[in-house]
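Before any comments, here is the structure.
Proteins come first, then strands; the chains are lettered A, B, ... in the order of their sequence lines, and each starts at number 1.
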There are 2 protein chains.
Amino acid sequence: MPRPTKIAPERGDARARLLEAATDLIRIHGFSATTVDDICRRAQTTKGAFFHHFATKDAIGVAAADNWQRTTTAFFEAASYHDPADPLDRVLGYVEFRRSIIAGAIPEFTCLVGTMVGEVHHDRPEIRDACAASIFGHAATLEADIAAAMTARGVDGGWSAAGLARHIQGVIQGAFVLAKAADDPDMARESLDHLDRYLVLLLRPAAGSAA
Amino acid sequence: MPRPTKIAPERGDARARLLEAATDLIRIHGFSATTVDDICRRAQTTKGAFFHHFATKDAIGVAAADNWQRTTTAFFEAASYHDPADPLDRVLGYVEFRRSIIAGAIPEFTCLVGTMVGEVHHDRPEIRDACAASIFGHAATLEADIAAAMTARGVDGGWSAAGLARHIQGVIQGAFVLAKAADDPDMARESLDHLDRYLVLLLRPAAGSAA
DNA sequence: ATCTATACCGACCAGATGGTATGCGCGCAA
DNA sequence: TTGCGCGCATACCATCTGGTCGGTATAGAT
């Protein structure tokens, strides 16, 4: 999830800067612990600008989740794990890609919407729903490849491609929780390795059938 | 995670009531959004009592995590998934047990320390470490059974019993994130079903070898 | 040139927040 | 019975919080 380098404030830019600042700060401190003043300071704007663009603090939470969905959608669409001809390779490529972008400090690779929804799910339903749209919308992008891999293998274990896609997102979110707790990105990588193993066991056609 | 019914305040009880109130409120609202006054109100005490027992708000976060570890340890030790003779059955029984206690409203079955650590990992290292001790200490209780099941099956895929135990905790934490996002406990159950399937594929001796 | 809509500024506010200072009653040892 | 420490209550405080409001600057339409 690379971020553009800081640019000097320019007229018409404040909304985007506020959104970026909010995203960064919420990933570091969480939603509740991030104050409007903090966001303004980091965005190099004032409260006047903030409340011109966002009616409430909650509103920037919703907007940040929406923005997260847009940017991550573009980011994953551009990735090369879609290239392989075999649908299972595309699914495994996705997991490998997720693994490869676990790098740097923890707030740099963890998920904005996963962090937010854990905190605000009960009190701020609008933010929760925006986070859910991002998570489950992203999960849905895996469905077709999973379904194709299921067909290729001929599996039917009473579970769905959509459900497995959701589970994959769950494992990734859980991996981030472990990394935060241990303060160690390796915890997340380890979990993604197990996820990869699961998908292979579940979806790889039996050995010898292709040789 | 059953909770005792509310009792009228009694002298000498305040600390325990504060801890229980903090636990409940943090599970609902998160750590930052839970105020000291909220905790006191729910515990039917005053700020005087609060700061008599806890030096700071952070201190009750640490104490709540420690208390969580103690109570959950006792809770899981008493469960019957330890009974089967086959170690794999004990591991699968654990997952089934975790699945069975997903019931009621979301804050009633989600994990205090998982919720807290996602929020405060960066700013409150003492709370983070207390949460980590709870999560990874609990994971460690699965290690022996996993190792025994690995031996029985004779697996060696370059991963460890400890790592798989951590992954199991990760999947459970991720399942809670999904349930919060979708506002639906079924999301968590679905993920635990996949976890069960993974463990069977990974650790069940090949079919026919026992019949 | 003027009008208007939008972007933005910065002082201000009421209430909340974590934390403190002080006092008071109960149990217990001397 | 007195003295003392512990558990807890009440009143209070400095600071921070989200949010408001009047005002200014700029760009484009007429």
Side-chain angles (χ1 to χ4, degrees), chain A residues 6-26 28-65 67 116 119-120 122-127 130, chain B residues 6-26 28-65 67 116 119-120 122-127 130:
Chain A
K6 276 263 171 60
I7 317 166
E10 204 169 317
R11 195 183 172 81
D13 244 16
R15 193 191 140 92
R17 285 190 338 258
L18 285 164
L19 232 32
E20 189 195 326
T23 300
D24 293 348
L25 289 172
I26 293 169
I28 298 171
H29 307 292
F31 180 80
S32 301
T34 297
T35 71
V36 173
D37 283 319
D38 288 341
I39 297 172
C40 294
R41 216 169 301 132
R42 184 177 249 249
Q44 303 188 63
T45 13
T46 61
K47 263 191 165 145
F50 184 98
F51 285 102
H52 173 72
H53 290 289
F54 305 100
T56 62
K57 185 192 169 189
D58 281 17
I60 206 179
V62 174
N67 188 60
M116 262 203 290
E119 233 187 301
V120 307
H122 185 274
D123 295 307
R124 281 145 167 109
E126 297 190 354
I127 298 180
Chain B
K6 275 264 170 60
I7 316 165
E10 203 170 320
R11 196 182 170 83
D13 244 16
R15 193 192 140 93
R17 289 196 330 264
L18 285 164
L19 271 172
E20 190 195 325
T23 300
D24 293 347
L25 289 172
I26 293 168
I28 298 170
H29 307 292
F31 180 79
S32 302
T34 297
T35 70
V36 172
D37 282 319
D38 287 341
I39 297 172
C40 293
R41 216 170 300 134
R42 184 176 248 250
Q44 301 188 65
T45 16
T46 60
K47 264 189 162 143
F50 184 98
F51 285 103
H52 175 72
H53 290 289
F54 306 100
T56 61
K57 186 193 168 189
D58 281 17
I60 206 179
V62 174
N67 187 59
M116 262 203 291
E119 234 188 300
V120 308
H122 185 275
D123 296 307
R124 284 145 166 105
E126 297 188 357
I127 299 180

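A/T35 is linked by a side-chain hydrogen bond (donor to acceptor under 3.5 Å, both in side chains) to A/D38, counting only residues two or more places apart in sequence or in another chain. For B/R15, the salt bridge (charged side-chain N to carboxylate O under 4.0 Å, His left out) test picks out no residue, with sequence neighbours left out.
Among all heavy-atom pairs drawn from A/T34 and A/L25, the shortest one is OG1-O, 3.4 Å.
Proximity of A/H53 to the phosphate of C/dA7: no side-chain N or O atom is located under 4.0 Å from OP1 or OP2. For C/dT6, the OP1/OP2 oxygens have no side-chain nitrogen or oxygen of A/H52 closer than 4.0 Å.
Within the 4.5 Å cutoff, no side-chain heavy atoms of A/V62 are placed close to those of A/F54.
Remark: A/K57 qualifies as a cation-pi partner of A/F31 under the 6.0 Å distance and 45° angle criteria applied to the six-membered ring.
The CZ atom of B/R15 sits 15 Å away from the C1' atom of D/dC6 (whole-angstrom rounding). One can place CD1 of A/I60 at 12 Å from P of D/dG19, the figure rounded to the nearest angstrom. Atom pair B/D13:CG and C/dC26:P shows a separation of 17 Å (rounding to whole Å applied). In this structure, A/F54 places its CZ atom 18 Å from C1' of D/dT20, rounding to the nearest Å.
Between the side chain of A/R42 and the backbone N or O of A/A22 there is no donor-acceptor pair closer than 3.5 Å.
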Can you name the atoms? Protein N/O to nucleotides 17-21 of chain C N/O, anything below 3.5 Å, with the distance.
residue	atom	partner	partner atom	Å
C/dG18	OP1	B/K57	NZ	3.4
C/dG18	OP2	B/V36	N	3.0
C/dG18	N7	B/K47	NZ	2.9
C/dG18	O6	B/K47	NZ	3.4
C/dG19	OP2	B/K57	N	2.9
C/dG19	O6	B/K47	NZ	3.0

